[in-house]
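Presented below is the structure to which this report refers.
These numbers come from a predicted model, not from an experiment.
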Amino acid sequence: MIRVAVTGAKGRMGSTVVQAVTDAPDMEVVALLDAGDAITAQSVNGAQVAVDFSVPTVTESNVHALIDAGVDVVVGTTGWTEESYARVSEHACRAGQAVLIAPNFAMGAVLAMKFAAMAAPYFESAEVIEMHHPGKVDAPSGTAVATARGMAQARRAAGWGDMPDATQTDELGARGGRVDGIPVHAVRLRGLTASEEILLGNEGEQLVIRTDSFDRASFMPGVLLGVRRVIGRTGLTIGLDEVMDL
Ligand SMILES: NC(=O)C1=CN([C@@H]2O[C@H](COP(=O)(O)OP(=O)(O)OC[C@H]3O[C@@H](n4cnc5c(N)ncnc54)[C@H](OP(=O)(O)O)[C@@H]3O)[C@@H](O)[C@H]2O)C=CC1
Ligand SMILES: O=C(O)C1=N[C@H](C(=O)O)C[C@H](O)C1
C-alpha cells in the first residue's frame with residue numbers, strides 16, 4: 001500500500017483526493033493537513049507521497065517542508081514560476097526526493113495542451129480562453145499559462161513572429177493578458193468547474209480545441225497515476241504527460 005498525505009485536505013480538490021485515495025486499492029491516507037497545520041516528519045505520519053492542493057501563495061513552502069520531511073510530492077496547486085520551479089528542483093535533487101507538478105491532471109486537458117503545441121506551428125493566430133468557477137483565486141489558470149507557453153515555444157521553433165493584430169486602443173484590457181505573446185482570456189462563471197478553449201486561425205480556417213471538466217472526479221485518475229509514478233523518480237518533473245506513456 002502506498003501511504004499518502006494530503007495537504008489542503010479540506011479544500012474542494014483536497015477533499016476529493018482524500019476520497020479517491022481512500023477508494024484506491026493500492027493506497028491509504030495516513031495524514032490530512034490543512035491551513036494552520038505544521039508540515040513535519042511527525043505530522044506526515046510515515047507518508048511516502050504527499051499530494052498538495054493548497055493555495056498558490058503557500059504551495060512552494062509546503063513542497064520544501066514535505067521534501068525536508070522525506071516525502072515525494074505530487075502538486076496540483078497553481079501559481080508556479082520559473083524561479084519557484086528552479087528552487088524546488090535544486091532542493092529535490094539535493095535531498096534525493098521526487099516532485100511532480102502538473103497544472104492539470106484531467107486527461108482531456110493534458111491532451112489538449114499536447115494537441116495545441118502540435119498545432120501551433122501550422123497556424124498564424126492563437127488565443128486561449130479559460131473558463132472557471134467563481135471560487136478560483138488565481139487568473140489566468142495554470143493550465144492556460146502552460147498551454148500558451150507550449151504554443152509559444154512551438155511557434156518560435158517554427159520561426160513565427162508576432163501574430164496579426166491591428167488593435168491600437170484597448171483601455172479596458174479587452175484583448176486579454178499576454179503569456180509569451182499569446183492572448184489569454186479568463187471567464188469566471190457560476191456553474192462551471194474548469195474549461196479551456198484554444199483557438200487557432202489561418203486565412204479561411206479555424207481549429208478549436210476544447211476541454212471541459214464538469215466534475216472534480218475528472219482530475220482523480222491523473223492524480224492517482226501521479227502518486228504511483230512519482231515513486232522511484234528524483235528531482236522535479238513538470239506535467240503529467242511526462243509520466244504518461246504518450
Ligand atoms: N492540477 C489540477 O488538475 C488542478 C489544480 N487545481 C488547483 O488546486 C488548487 C486548490 O484548488 P481548490 O481545491 O479549488 O481550492 P480550495 O480553496 O477549495 O482549497 C485549498 C485548501 O488549502 C487550504 N490551505 C490554505 N493554506 C494552506 C497551507 N498552508 N497548507 C495546507 N493547506 C492550506 C485552504 O484552507 P483555507 O480555505 O482555510 O485557506 C483550503 O482548504 C488551486 O491552485 C487550483 O488552481 C484545481 C483543480 C485541478
Ligand atoms: O482552480 C481550479 O479549479 C483549477 N485550476 C487549475 C488551473 O488553474 O489550471 C486546473 C483546472 O483548470 C481547475
Original post:
After noting the C-alpha distance and the side-chain angles of V49 and I231, does the key distance pass the side chain to side chain contact (heavy atoms under 4.5 Å, CB included) rule?
Top reply: CA-CA 8 Å; V49 180; I231 294 170; 3.6 Å; yes
Tell me whether [Y] is reachable from [X] by hopping between hydrophobic residues (I, L, V, M, F, W, Y) whose side-chain heavy atoms are closer than 4.5 Å.
{"X": "I67", "Y": "V74", "value": "no"}
{"X": "V243", "Y": "Y85", "value": "no"}
{"X": "I198", "Y": "L111", "value": "yes"}
{"X": "V128", "Y": "L192", "value": "no"}
{"X": "V6", "Y": "I39", "value": "no"}

Compare all side-chain heavy atoms of [X] with those of [Y] and state whether any distance is below 4.5 angstrom.
{"X": "Q19", "Y": "D23", "answer": "yes"}
{"X": "V227", "Y": "V51", "answer": "yes"}
{"X": "I209", "Y": "E197", "answer": "no"}
{"X": "V30", "Y": "E28", "answer": "yes"}
{"X": "L240", "Y": "N104", "answer": "no"}
{"X": "M151", "Y": "M118", "answer": "no"}
{"X": "M13", "Y": "R216", "answer": "yes"}
{"X": "V184", "Y": "E127", "answer": "no"}

Locate the shortest heavy-atom distance separating [X] from [Y]; write the atom from each residue and the value.
{"X": "S141", "Y": "E196", "value": "OG-OE1, 4.4 Å"}
{"X": "N202", "Y": "Y122", "value": "ND2-O, 2.9 Å"}
{"X": "W80", "Y": "V88", "value": "CZ3-CG2, 3.6 Å"}
{"X": "L200", "Y": "A120", "value": "CD2-CA, 4.0 Å"}
{"X": "D34", "Y": "G8", "value": "OD1-C, 3.1 Å"}
{"X": "H132", "Y": "S195", "value": "CE1-O, 4.3 Å"}

Lys/Arg-Asp/Glu bridge criterion (N-O < 4.0 Å) met for [X], [Y]:
{"X": "K136", "Y": "D138", "value": "yes"}
{"X": "E130", "Y": "R188", "value": "yes"}
{"X": "E82", "Y": "R87", "value": "no"}

Donor-acceptor contact present, side-chain [X] to main-chain [Y], <3.5 Å:
{"X": "S15", "Y": "G11", "answer": "yes"}
{"X": "T167", "Y": "T169", "answer": "no"}
{"X": "D212", "Y": "F214", "answer": "no"}
{"X": "N45", "Y": "A31", "answer": "no"}
{"X": "R3", "Y": "G46", "answer": "yes"}
{"X": "T77", "Y": "D52", "answer": "yes"}
{"X": "T59", "Y": "V55", "answer": "no"}

Straight-line distance of [X] [atom1] to [Y] [atom2], nearest 0.5 Å:
{"X": "L246", "Y": "D241", "atom1": "CG", "atom2": "CG", "value": "6.0 Å"}
{"X": "F123", "Y": "L199", "atom1": "CZ", "atom2": "CG", "value": "11.0 Å"}
{"X": "T193", "Y": "F219", "atom1": "OG1", "atom2": "CZ", "value": "7.5 Å"}
{"X": "L32", "Y": "K10", "atom1": "CG", "atom2": "NZ", "value": "9.5 Å"}
{"X": "M131", "Y": "S213", "atom1": "CE", "atom2": "OG", "value": "11.5 Å"}
{"X": "T234", "Y": "R94", "atom1": "OG1", "atom2": "CZ", "value": "14.0 Å"}

**OP:** Could you list the residues that satisfy ring-ring contact (aromatic ring centres under 6.0 Å, His included) with H91, not counting sequence neighbours?
**Re:**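 Listed in chain order: H64.
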Original post:
Do Q97 and D72 meet the criterion of a side-chain donor-acceptor pair at a distance under 3.5 Å?
Top reply: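 Yes, a side-chain donor-acceptor pair sits under 3.5 Å.
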**OP:** Would you check if there is a donor-acceptor pair between the side chains of T16 and R12 at a distance under 3.5 Å?
**Re:**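 No pair is found: no donor N or O on one side chain lies under 3.5 Å from an acceptor on the other.
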Subject >> Stepwise side chain to side chain contact (heavy atoms under 4.5 Å, CB included) test for V63 and V99 >> reply: CA-CA 8 Å; V63 173; V99 177; 4.0 Å; yes
**OP:** Not counting sequence neighbours, list each pair that qualifies as a side-chain hydrogen bond (donor to acceptor under 3.5 Å, both in side chains) and has a residue in residues 151-162.
**Re:**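 Qualifying pairs: none.
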Original post:
Other hydrophobic cluster members with V137, side-chain heavy atoms of Ile/Leu/Val/Met/Phe/Trp/Tyr under 4.5 Å, chained?
Top reply: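 None; V137 is a cluster of one.
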Original post:
Got more than 12 heavy atoms from elsewhere within 6.0 Å of CD, E203?
Top reply: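 For E203, atom CD is not crowded (no more than 12 foreign heavy atoms under 6.0 Å).
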**OP:** Tell me, with the steps shown, if M27 and Q48 meet side chain to side chain contact (heavy atoms under 4.5 Å, CB included).
**Re:** CA-CA 10 Å; M27 296 180 198; Q48 294 162 274; over 6 Å; no
Original post:
L100 and E242: side chain to side chain contact (heavy atoms under 4.5 Å, CB included), yes or no, with the steps?
Top reply: CA-CA 9 Å; L100 167 65; E242 292 291 326; 5.6 Å; no
